[in-house]
2 protein chains.
Amino acid sequence: MLPFRTLINISKQSPVAVYLQIANSLVNLIRGGVIKPGVLLPSTREMADILQVHRKTIVAAYEELHVQDWTETMPRKGIVVSQRLPEIKPRTFKRERNKTGYENNAPFVFKSLLPLTAARATSSLTYKLVINDGFPDARIAPVSLLLKEYRRFFDDAASSALTMAGEKAGSINLRTAIASFLSGTRGLNITSQNVLLSRGAQMAIYIAAAMIIKPGSTVVVGEPNYAMANMIFEQFGAKLLRVPVDENGIDVDAIERICAKKKPSLLYVIPHHHHPTTVTLSAERRMKLLQLVRTYNLPVIEDDYDYDFHYNHNPILPLASADHGGNVIYIGSLTKFLAPSLRVGYMAAPENFIQQAAQLKLMIDIRGDNFLEEALAALSNAGHIQRHLKKSVKLYHQRRDMFCDLLENELAGVVSFTKPQGGMAVWATFNKKYSLSSISQRAAAHGLFISNGSTYNSGNINYNALRMGFASLNEKEMKDVVGIIKKVL
Amino acid sequence: MLPFRTLINISKQSPVAVYLQIANSLVNLIRGGVIKPGVLLPSTREMADILQVHRKTIVAAYEELHVQDWTETMPRKGIVVSQRLPEIKPRTFKRERNKTGYENNAPFVFKSLLPLTAARATSSLTYKLVINDGFPDARIAPVSLLLKEYRRFFDDAASSALTMAGEKAGSINLRTAIASFLSGTRGLNITSQNVLLSRGAQMAIYIAAAMIIKPGSTVVVGEPNYAMANMIFEQFGAKLLRVPVDENGIDVDAIERICAKKKPSLLYVIPHHHHPTTVTLSAERRMKLLQLVRTYNLPVIEDDYDYDFHYNHNPILPLASADHGGNVIYIGSLTKFLAPSLRVGYMAAPENFIQQAAQLKLMIDIRGDNFLEEALAALSNAGHIQRHLKKSVKLYHQRRDMFCDLLENELAGVVSFTKPQGGMAVWATFNKKYSLSSISQRAAAHGLFISNGSTYNSGNINYNALRMGFASLNEKEMKDVVGIIKKVL
């Protein structure tokens, strides 16, 4: 007889019932070829004795094997392993015990992606302070109002309709609210049919890129650029054509020279508070760019994630609000209004593009979180989102001034930067004497997360710079952050 | 002078300040080439007179144009449109007014996707009752507990660390909880490093497919199959090899014949309560399949979305729990435990696959909703998720019996079905005399959403069948649903 005592592991601490542990162990022995088809199992009495459990437990375990079709009852013989099961070449017990399918690397071929070079902490919980990339302050978000609205849908039987019979492009109520918001604040002449909801601006960029890029496509991007956008484009097989970004934004003359030679498949621009450098694309360049777009029918992703947070004057109207012949895919986000974890973004584009994009989104994320979308629509229609936006812009404006003063006063000669006209971060270039990677390492020991800057580097260029998000830091936190940086220089 | 009175539209009802409406209109006229570079604008006094607004409003509008760099001040002359702006060929005023970039279809080429044939309502709000695809009942979800946990993170400054310095594959706490849950309930020998979190099982399928499929790959699927999975595979350029599904699940002998000829790139199986037919893959076929997987090193997506809801006996251990040599990518979901809108799924796979998959997920959805993931981890660690699961399984078991009785008693001769061993839906085939598409249409008039079945059809096959989700319907709702169907036959 097989050494069942050794082969079957029972743990009284496990939340899994003992009878089921026994049944599962037996299934594994059958599947592994240790117990072969046709083999007679010990009687329930014998097995109970071997395993030192109550006989009823074995009866339950055998019953489980039986209903799952692993065994059959032979009259006047007992319970045998089903003869219909295929026979497995037996292996040594030793090798079979605790054998797992996940010991080794995957044996099949799969796509290997470019690594994102950002240093990531193994445990985020060791950090007391974080310099993020430019995130809103979740602490001031109208989250109680939002969750109150959100909660309602869970009690309502009719909500089920939202999930099954809802719109593929996302909640029609939220899309309507966004269309009206974009038309009011940015002059976009659109309806809800031009709007697709996504998980943050990120998914909107991914979907737009998936729709337009083929292997071998060329995509014009700024240098530097939002690293994740570059990754997406390269992921789809595009060749990046990098164009300089200066204090007036992306170099439109350089884009024109590219178009004159060969029309690229796509242009990606960040007109407000470019990521990472925070510069704003000037009015002059925007007009030139519009001409190019019309002349060449050039598809553009206008990633205007930061439009609503401009402090010096009103933000400049996007390309999407002008006559662009339907070429501009406009992308933004509500995440910046609320909290980095509440990922609701949108894409505005011609209706036929939105319809196809919605089809792709369905494959990636089905219909998203309908309840959250409906709750946000309700908050927006009641004016709460707009009120919160006003309040945040005022607060972040103050925090920008406070943070820039601190950098100037406390880190002069260490950090150079241009005060951003808006947004939630300062693009801070560190003096080459101070390596960001060692600052980052040493700051961690003081409980401060600060990027080592590698995410912002591209190719061989080491900017020794990072985006320092100020919007989520209050005055004390800012001072603590700067204090730790000074200490570890 | 230009007819500014006609060109500039002011609405006192608009939430946008009047000065900004005027500034934006002027920007549009400049961008459209109606007002050319170098042109002198009317004085503030004149313009105030033309537009019948206070002079201070015009001063503010001109100030706005100036800080945005659209205009410059010429000493002793006045405000002129910036001469640095490129000149635009003027158009007629008529054509320019209310010109929008989104009038027409996109003028550039983009990917056109296969349409999903499901009939979708334009407004979900007209439905009082919904027969869904097999969703849990959101009304019984422990949502108050969840939102209480969730809420906490918004007040905590340290939460910011989760968003910036967190793990690419998702919350380490939730991944650890899931690894331990999968090992306890399914015998998977994994750690958190084998787990990737996603937005529902859907995104996990998408990511796994994106990693494995190249144009021209072959993917073995059941016929019928989960339509969205087929769409994903075809989207990535795969050729589908369709294999029959009978009452014991997918035909493994047919898969063997395919492998013997030429190894396919991927196999997609749904072992429990196959979608749409609800059949369970038998123990015998699972063993044969495991042999095939080992023999051919065949990559498998095991979509076991319904494992936790089995009523007749314990569910059968997945392929992923046996020795599969690292070939099985195991996919599941917490969405079924909670509510269809709370989309948290997972993938368990070899560590190197998970690392690359996490990289792709980052591009699609950055780090997801960290707060939700942490809140779920806390609920799971406190045992709430497990308690709720037990409660739901008991309730859905009762509802399955009740619903099947109703169908048998009230719709005999109309609907044929096999009582499912688990899951949240019955695969109901309607008698050819009764066309589902007309039933669906007529039911809508009675406030009932019932699928017309087209999503479940494939190629030329019209099954005249649908999944009737019972888990989210209480007794009264079930009776109402069946009553309406009887009425509209």
Side-chain angles (χ1 to χ4, degrees), chain A residues 16 31 67-70 84-86 99-102 104-108 110-111 113 121 124 127 130 132 138 143 147 154 160-161 163-166 189 194 199 202 206 211-212 232 283-284 287-288 297 299 313 316 322-324 326 340-341 350 352-353 359 363-366 369-371 449, chain B residues 31 67-70 84-86 99-102 104-108 110-111 113 121 124 127 130 132 138 143 147 154 160-161 163-166 184 189 194 199 202 206 211-212 232 283-284 287-288 297 299 313 316 322-324 326 340-341 350 352-353 359 363-366 369-371 449:
Chain A
V16 181
R31 290 197 305 193
V67 289
Q68 289 188 24
D69 269 345
W70 295 104
R84 286 175 296 108
L85 296 176
K99 178 83 181 172
T100 141
Y102 291 115
N104 305 310
N105 286 342
F108 51 86
F110 58 89
K111 200 181 276 178
L113 305 176
S124 54
Y127 294 112
V130 169
N132 61 41
V143 68
L147 295 186
F154 282 85
S160 168
T163 347
M164 193 57 197
N189 195 346
N194 295 108
R199 301 278 191 180
Q202 184 71 32
Y206 179 88
M211 302 288 298
I212 294 176
I232 290 174
E284 183 190 343
M287 276 196 63
K288 273 197 191 157
N297 253 345
H313 49 74
I316 305 179
D323 172 17
H324 56 77
S341 67
N352 63 341
F353 191 83
Q359 193 73 6
M363 296 184 215
I364 298 174
D365 188 28
I366 310 195
D369 185 341
N370 326 66
F371 294 179
F449 175 86
Chain B
R31 290 197 305 194
V67 290
Q68 289 190 21
D69 269 343
W70 294 104
R84 286 174 297 108
L85 295 177
K99 178 82 179 170
T100 142
Y102 292 114
N104 305 311
N105 285 344
F108 51 87
F110 58 88
K111 199 181 277 179
L113 305 176
S124 54
Y127 294 111
V130 169
N132 61 42
V143 67
L147 294 185
F154 281 86
S160 166
T163 348
M164 193 58 197
N189 193 348
N194 295 109
R199 301 279 192 181
Q202 184 71 33
Y206 180 88
M211 301 289 297
I212 293 176
I232 290 174
E284 182 191 345
M287 275 195 63
K288 273 199 191 156
N297 253 344
H313 49 74
I316 305 179
D323 173 17
H324 55 78
S341 67
N352 64 342
F353 191 84
Q359 193 73 6
M363 296 185 216
I364 297 174
D365 188 28
I366 310 194
D369 185 340
N370 325 68
F371 294 179
F449 175 86

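Letters A, B, ... mirror the listed sequences (proteins, then strands); counts begin at 1.
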Pick one of side chain, backbone, both or neither for A:Asn194, based on which atoms fall under 4.5 Å of a heavy atom in chain B. side chain

In this structure, CG of B:Asp323 is separated from CZ of A:Arg31 (nearest 0.5 Å) by 9.5 Å

With a 4.5 Å cut-off on heavy-atom pairs, point out which of A:Glu284, A:Lys111, A:Gln68, A:Met211 contacts chain B the most. A:Gln68

Evaluate the criterion side-chain contact (heavy atoms from CB on, under 4.5 Å) for residue pair B:Asn352 and A:Phe110; output intermediate values, then yes/no. CA-CA 10 Å; B:Asn352 64 342; A:Phe110 58 89; 3.9 Å; yes

Where is the tightest heavy-atom contact between B:Ile232 and A:Met363, given as atom of each residue plus distance? CD1-O, 3.5 Å

To check you understand the geometry: which heavy-atom pair defines the closest contact between A:Asn297 and B:Pro107, and what is its length? OD1-CG, 3.7 Å

Closest non-hydrogen contact found for B:Gly326 with A:Phe108 is O-CE2, 3.6 Å

Please report the interatomic distance CG(A:Leu147) to CZ(B:Phe154), rounded to the nearest 0.5 Å. 6.5 Å

Go through the steps to decide whether B:Trp70 and A:Ile316 satisfy the test side-chain contact (heavy atoms from CB on, under 4.5 Å), and finish with yes or no. CA-CA 10 Å; B:Trp70 294 104; A:Ile316 305 179; 3.8 Å; yes

Locate the shortest heavy-atom distance separating A:Lys288 from B:Pro86; write the atom from each residue and the value. CG-CG, 3.5 Å

Closest approach of B:Ala106 and A:Pro350, non-hydrogen atoms and distance? N-CB, 3.4 Å

Atom pair CD/CD1 of A:Gln202 and B:Ile366 - distance to nearest 0.5 Å: 4.0 Å

One option among B:Ile364, B:Val67, B:Asp365, B:Asp369 has the most heavy-atom pairs under 4.5 Å with chain A, and it is B:Ile364

